[in-house]
Asker: 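First the structure, which I've put down as structure tokens, then a few questions once you've had a look.
Because the structure is a prediction, the values reported are computed rather than measured.
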Amino acid sequence: MTVQDLQQRVDQYVPARGERRMPVIGISANRKEGLSCIAETYVRAVLDAGGAPVLIPVITDIQALSNIVDGLDGLVMSGGGDINPLFVNEEPIPRLQDVDPYRDEYDLLLLRLTANRQIPIMGICRGHQIMNVAFGGSIYQDIYAQNYGSLLKHSQSIPREYPSHSVTLAPGINRLRAIFGDAERIYVNSFHHQAVRTVAPGFRPTATAPDGLNEAMEDPEKTIFSVQWHPEAMAAHGDTRMKALFAYHVENARRFAQAKAIHQRIITIDSHTDTPMIFPGTFNIGKKEGGKVNLPFMEEGHIDAAFMVAYIPQGKRDEQGLAAATAYAIERLNEVKRQQTLHPDWMVIATTPAEIRAAKQAGKKAICLGVENGYALGKQLDRIRMFREMGVSYITLCHNGDNDICDSARGQGEWGGLSPFGREVVREMNRTGVMIDVSHAAESTFYDVLQTSETPIIASHSSARALCDHPRNLTDDQLKALAAQGGVAQICLYKGFINPEAEKASLSDAVRHIQHIVEIAGIDHVGIGSDFDGDGELRGCAATNELINITVRLLEAGYMEADLRKLWGGNLLRVMTEVQAYPTRMK
């Protein structure tokens, strides 16, 4: 074969019409004698599974690694030598073998960058162990010196393509059970003397060797899993079960790539964040400085717009208290608006759907404004126009406690719904083009607002009461009434509104709430309002950079791009457009 023959093969290659793009699977490199290298069996296993394998060189330059990771759809953490115990604050024991602190640093940086972007990860042997360390677990430096049970021979000398012992799969629902079908025990190879000691918090063990050593683990909510054995060697030599393991990982990567591509094409909006509340004074959303919502997280989570609200706790309703509430709301809104002066090339304050779309087109993030608690209005209708002129797109009528506008879901039922002043507030919000937000409102208030408002309303961060019986959530009847009026309910990711057992609240629960509201109200009447930085946080979806996990899970459940376009912002933009057009129509 000549150079010309090879060049001709390339020049004549044309992808078939409709051919699926191969997901790009990064493989972490081993490091030997100054070389970044990997066994070809890793490459073959990924390629045979339908992935495009890419070897990631052993480097510790975060900027370079970050750029590499941005192009990945999945990651395989490969095997290799011992992990330096100093990284986990342990002193070395005599049986510790050769360590490479530079590779350890590389692996830990690579894992963090990949995990922050929610990219599917599969760990193998050392990769299993260092993933456990990275997520907070511990390892044995040497199982024979530190595990005093009766151990198998885990440091095998037979060829890697042959199994050397069995593992038992954990009962119940887990990835290995799904991949291997009804098998309770499978045969694997074994080439290690270090091993997982305690599984990382939040992870669950999914396979165990006959001697009790951990052989596999997974994150129950994210597409992150790992195995102690070397499936790539067995898969490359035809083992169908190990091939299925790689096929599963590549399919996860394909779905993640699909989610990223969809997010590039649609507008994605988080309708409620409390970020201004968690900083007592100035802040900078261009930095990752303690909150769950910032511009870097929006980049990582592929989110285009976020509503940042001035939240005002319900206080005394005397003249002093009302004045203080108004002043605080103004100060917080101005602090959010100041962010545009800090990051003019990265974000804009958007007040209309057109401005949100323009920001997306320009490659910028849109930050929208809201006021949470009509307490900030005092008893003056003209403050609605004042807030609108400041850029506020919606006002949440109340918070936890009745106010001069209405009854709260956590109040005493002072008015039996809207107060007389509250009815005027609703009409004035209609006249000024401000969306009416009924999250936190009592049911009586909800129905009064529906009856009074001439435009559709929103629940900026509320979930389904049928799945979690909390007064802050919406009943099925409320959801139907909201839909009939053209409104939208934005799913809230606050633990106590998602699962009756709050500490078990997870991404899976949030997906169930979305599916329930779609079933009851229809796909045109549901969205997402995280409540991040206001204690919104779920296992699997704890900050803005993790919101793309919702898309991944909905794709897995069969949702189409048209559905996701509506859910991620289309529905809210429809209501926003109608509300803002109302004052013009009435002239």
Asker: With side chains defined as the heavy atoms from C-beta onward, is the minimum distance between L333 and V371 less than 4.5 Å?
Answerer: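 They are in contact (side-chain heavy atoms under 4.5 Å apart), so the answer is yes.
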Asker: Please give me the minimum heavy-atom distance between Q580 and P353, naming the atom from each residue.
Answerer: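 Looking at all heavy atoms of both residues, the closest pair is OE1-CD, 3.5 Å.
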Asker: Is there a donor in the side chain of T396 and an acceptor in the side chain of H440, or the other way round, less than 3.5 Å apart?
Answerer: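 Side-chain D/A pair, T396 to H440: absent.
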Asker: Check step by step if side-chain contact (heavy atoms from CB on, under 4.5 Å) holds for H470 and R465.
Answerer: CA-CA 6 Å; H470 191 287; R465 198 182 302 186; 5.8 Å; no
Asker: Check whether any side-chain N or O of T341 sits under 3.5 Å from a backbone N or O of R338 as a donor-acceptor pair, and report yes or no.
Answerer: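 Yes.
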Asker: Checking side-chain polar atoms at under 3.5 Å, does S508 have a donor or acceptor matched by the opposite partner on E221?
Answerer: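 Yes, because at least one side-chain N or O of S508 sits under 3.5 Å from a partner of the opposite role on E221.
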Asker: Check whether Y394 reaches the backbone of S271 with its side chain - one donor and one acceptor, N or O, closer than 3.5 Å.
Answerer: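 At least one qualifying donor-acceptor pair exists.
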Asker: With no hydrogens and no angle check, do the side chains of D476 and H516 hold a donor and an acceptor under 3.5 Å apart?
Answerer: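 H516 and D476 do have a side-chain donor-acceptor pair below 3.5 Å.
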Asker: Measure from the side-chain N and O atoms of D535 to the backbone N and O of D531, and report whether any donor-acceptor pair falls under 3.5 Å.
Answerer: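 Absent.
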Asker: Nearest 0.5 Å please: distance from the CG atom of D107 over to the CG atom of N30.
Answerer: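 Rounded to the nearest 0.5 Å, the CG-CG separation comes to 9.0 Å.
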Asker: For a quick test of reading the model, state the closest non-hydrogen atom pair linking I491 to A510 and the distance between them.
Answerer: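 Taking every non-hydrogen atom into account, CG2-O, 4.5 Å.
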Asker: Taking the basic N atoms (NZ, or NE/NH1/NH2) and the acidic carboxylate oxygens, is any pair closer than 4.0 Å for R44 and E232?
Answerer: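 Salt bridge absent between R44 and E232.
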Asker: Under the side-chain contact (heavy atoms from CB on, under 4.5 Å) criterion, do L573 and I269 qualify, and how do the steps go?
Answerer: CA-CA 9 Å; L573 291 176; I269 302 174; 3.7 Å; yes
Asker: What's the shortest heavy-atom distance between Y106 and T60, and which atoms?
Answerer: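 Shortest heavy-atom separation between Y106 and T60 comes out as N-CG2, 3.9 Å.
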Asker: Is it true that a side-chain atom of Q339 and a backbone atom of I285 form a donor plus acceptor pair closer than 3.5 Å?
Answerer: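 Judged by distance alone, yes, a pair lies under 3.5 Å.
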Asker: Do Y42 side-chain atoms and G79 backbone N/O form a donor-acceptor pair below 3.5 Å?
Answerer: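 Between the backbone of G79 and the side chain of Y42 there is a qualifying donor-acceptor contact (under 3.5 Å).
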Asker: Whether the side chain of S439 engages the backbone of H461 through a donor-acceptor N/O pair (distance < 3.5 Å, no angle test) should be reported.
Answerer: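 Indeed, once roles are kept as given, a pair shorter than 3.5 Å links the two residues.
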Asker: Do F180 and L245 have side-chain heavy atoms sitting under 4.5 Å apart?
Answerer: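 Contact flag for F180/L245 side chains = yes.
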Asker: Show, in sequence, the C-alpha distance, side-chain angles and deciding distance for I278 and F283, and conclude whether the side-chain contact (heavy atoms from CB on, under 4.5 Å) test is met.
Answerer: CA-CA 9 Å; I278 67 169; F283 58 94; over 6 Å; no
Asker: Looking at side-chain heavy atoms only, is the closest gap between L482 and V488 below 4.5 Å?
Answerer: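 No. Closest side-chain heavy atoms not under 4.5 Å.
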Asker: For a quick test of reading the model, state the closest non-hydrogen atom pair linking F279 to T282 and the distance between them.
Answerer: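 For F279 versus T282, the nearest heavy atoms are CB-O, 4.3 Å.
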Asker: Carefully, step by step, assess Y102 and V58 under the rule side-chain contact (heavy atoms from CB on, under 4.5 Å).
Answerer: CA-CA 8 Å; Y102 189 77; V58 182; 3.8 Å; yes
Asker: Looking at R204, I'd like to know if its CZ atom is crowded, meaning that more than 12 non-hydrogen atoms belonging to other residues, nucleotides or ligands lie closer than 6.0 Å.
Answerer: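 Yes, CZ of R204 has more than 12 neighbouring heavy atoms, counting only those of other groups under 6.0 Å.
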Asker: Determine, step by step, whether T268 and D304 satisfy the side chain to side chain donor-acceptor pair (under 3.5 Å) criterion, reporting the C-alpha distance in whole Å, the side-chain angles of both residues, the deciding distance to 0.1 Å, and the verdict.
Answerer: CA-CA 5 Å; T268 52; D304 299 314; 3.1 Å; yes
Asker: If only side-chain N and O atoms count, and only distance matters, is there a donor-acceptor pair under 3.5 Å linking S36 with R31?
Answerer: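 No, no side-chain donor-acceptor contact under 3.5 Å.
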Asker: How about R117 and S66: does a side-chain donor come under 3.5 Å of a side-chain acceptor?
Answerer: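 Per modelled atom types, R117 and S66 side chains form a pair under 3.5 Å.
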Asker: Tell me the closest heavy-atom pair linking L493 and I550, and the distance in Å.
Answerer: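 It is CD1-CD1, 4.4 Å.
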Asker: If you measure only the distance, is there a donor-acceptor pair under 3.5 Å linking the side chains of T206 and N174?
Answerer: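 No, because no side-chain N or O of T206 sits under 3.5 Å from a partner of the opposite role on N174.
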Asker: Could you tell me the separation between the CE atom of M435 and the CD1 atom of I458, rounded to the nearest 0.5 Å?
Answerer: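 Between atom CE of M435 and atom CD1 of I458 there are 4.5 Å.
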Asker: Would F225 and Y248 count as a ring pair (Phe, Tyr, Trp, His ring centres under 6.0 Å) here? Give the steps.
Answerer: CA-CA 11 Å; F225 73 102; Y248 174 81; 5.7 Å; yes
Asker: V227 versus H128: any side-chain heavy-atom pair under 4.5 Å?
Answerer: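 With C-beta onward as the side chain, the pair stays apart.
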Asker: Do you see a donor-acceptor pair shorter than 3.5 Å between the side chains of N116 and N545?
Answerer: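 The criterion, which ignores hydrogens and geometry beyond distance, is not satisfied for N545 and N116.
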Asker: Would you call E537-K495 a salt bridge at under 4.0 Å N-O?
Answerer: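 A salt bridge is absent here (no side-chain N lies under 4.0 Å from a carboxylate O).
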Asker: Indicate whether any N or O donor in one side chain lies under 3.5 Å from an N or O acceptor in the other, for N252 and T223.
Answerer: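 Short answer, no.
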Asker: Do F307 and L572 touch side chain to side chain, with heavy atoms closer than 4.5 Å?
Answerer: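 Of all side-chain heavy-atom pairs linking L572 with F307, at least one is under 4.5 Å.
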Asker: Just checking, is any N or O donor in the side chain of R388 or T351 under 3.5 Å from an acceptor N or O on the other one?
Answerer: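 Short answer, no.
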Asker: Drop me the distance from S460's OG to I528's CD1, to the nearest 0.5 angstrom.
Answerer: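 Here the interatomic distance stands at 13.5 Å.
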Asker: So, are D48 and K243 salt-bridged, with charged N and O less than 4.0 Å apart?
Answerer: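 Looking at K243 together with D48, the answer is yes, because their closest N to O distance falls below 4.0 Å.
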Asker: Could you tell me the separation between the CD atom of Q478 and the OG atom of S462, rounded to the nearest 0.5 Å?
Answerer: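 Rounded to the nearest 0.5 Å, the CD-OG separation comes to 8.5 Å.
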Asker: Do P201 and F135 come close enough that some side-chain heavy atom pair is under 4.5 Å?
Answerer: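 When only atoms from C-beta onward are counted, F135 and P201 do not touch, as no gap falls below 4.5 Å.
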Asker: Main chain of P205, side chain of E218: is a donor-acceptor contact present, judged purely on distance under 3.5 Å?
Answerer: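 Checking the backbone N and O of P205 against the side chain of E218, no donor-acceptor pair under 3.5 Å is found.
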Asker: So, taking the atom named CE in M217 and the one named CG in N132, what distance separates them when rounded to the nearest 0.5 Å?
Answerer: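 So the CE of M217 and the CG of N132 are separated by 4.0 Å.
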Asker: If you compare all heavy atoms of H513 against all heavy atoms of S463, which two are closest, and at what distance to 0.1 Å?
Answerer: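 Closest pair (atom of H513, atom of S463, distance): ND1-CB, 3.4 Å.
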Asker: Counting only N and O atoms by type, is there a donor-acceptor contact under 3.5 Å from the side chain of R103 to the main-chain atoms of I59?
Answerer: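 Answer holds: no.
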Asker: Y494 and H272: side-chain donor and acceptor closer than 3.5 Å?
Answerer: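 No pair is found: no donor N or O on one side chain lies under 3.5 Å from an acceptor on the other.
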Asker: Is it true that, when you exclude E289 itself, more than 12 heavy atoms of the residues, nucleotides or ligands shown sit nearer than 6.0 Å to its CD?
Answerer: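 Result for CD/E289: enclosed.
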Asker: Salt-bridge test for D509 and R539: reply yes if a basic N is under 4.0 Å from a carboxylate O, no otherwise.
Answerer: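 Salt bridge between D509 and R539, a charged N being under 4.0 Å from a carboxylate O: no.
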Asker: Is there a side-chain contact between M77 and L75 (heavy atoms, below 4.5 Å)?
Answerer: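 Sidechains of L75 and M77: in contact.
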Asker: Compute whether any side-chain donor of one residue and acceptor of the other, for H302 and Q118, lie under 3.5 angstrom apart.
Answerer: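 Per modelled atom types, H302 and Q118 side chains form no pair under 3.5 Å.
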Asker: Has N499 got a side-chain atom pairing as donor or acceptor with A502's backbone, closer than 3.5 angstrom?
Answerer: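 Flag not set: sc N499 to bb A502 has no pair under 3.5 Å.
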Asker: In plain terms, say whether E355 and K360 are close enough for a salt bridge, that is, a side-chain N and a carboxylate O under 4.0 Å apart.
Answerer: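 Here E355 does not pair with K360 in a salt bridge, since their nearest N and O are not under 4.0 Å apart.
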Asker: How many angstroms lie between NZ in K566 and CD1 in I523, if you round to the nearest 0.5 Å?
Answerer: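 If we round to the nearest 0.5 Å, K566:NZ and I523:CD1 are 7.0 Å apart.
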Asker: Without hydrogens or angle criteria, can the side chains of D270 and S530 be said to hold a donor-acceptor pair below 3.5 Å?
Answerer: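 A pair is found: one side chain offers a donor N or O, the other an acceptor, under 3.5 Å apart.
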Asker: Taking it one step at a time, do D73 and K260 satisfy salt bridge (Lys or Arg N to Asp or Glu O under 4.0 Å)?
Answerer: CA-CA 9 Å; D73 303 315; K260 286 193 297 183; 3.1 Å; yes
Asker: Does the distance from a Lys or Arg side-chain N to an Asp or Glu carboxylate O, for D219 and R175, drop under 4.0 Å?
Answerer: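 Salt bridge between D219 and R175, a charged N being under 4.0 Å from a carboxylate O: no.
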Asker: Would you find a donor on one side and an acceptor on the other, under 3.5 Å apart, between the side chain of R126 and the backbone of S78?
Answerer: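 Checking the backbone N and O of S78 against the side chain of R126, no donor-acceptor pair under 3.5 Å is found.
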Asker: Below 4.5 Å, heavy atoms only, C-beta onward: do L65 and I56 meet side chain to side chain?
Answerer: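 Heavy-atom side-chain distance check passes, below 4.5 Å.
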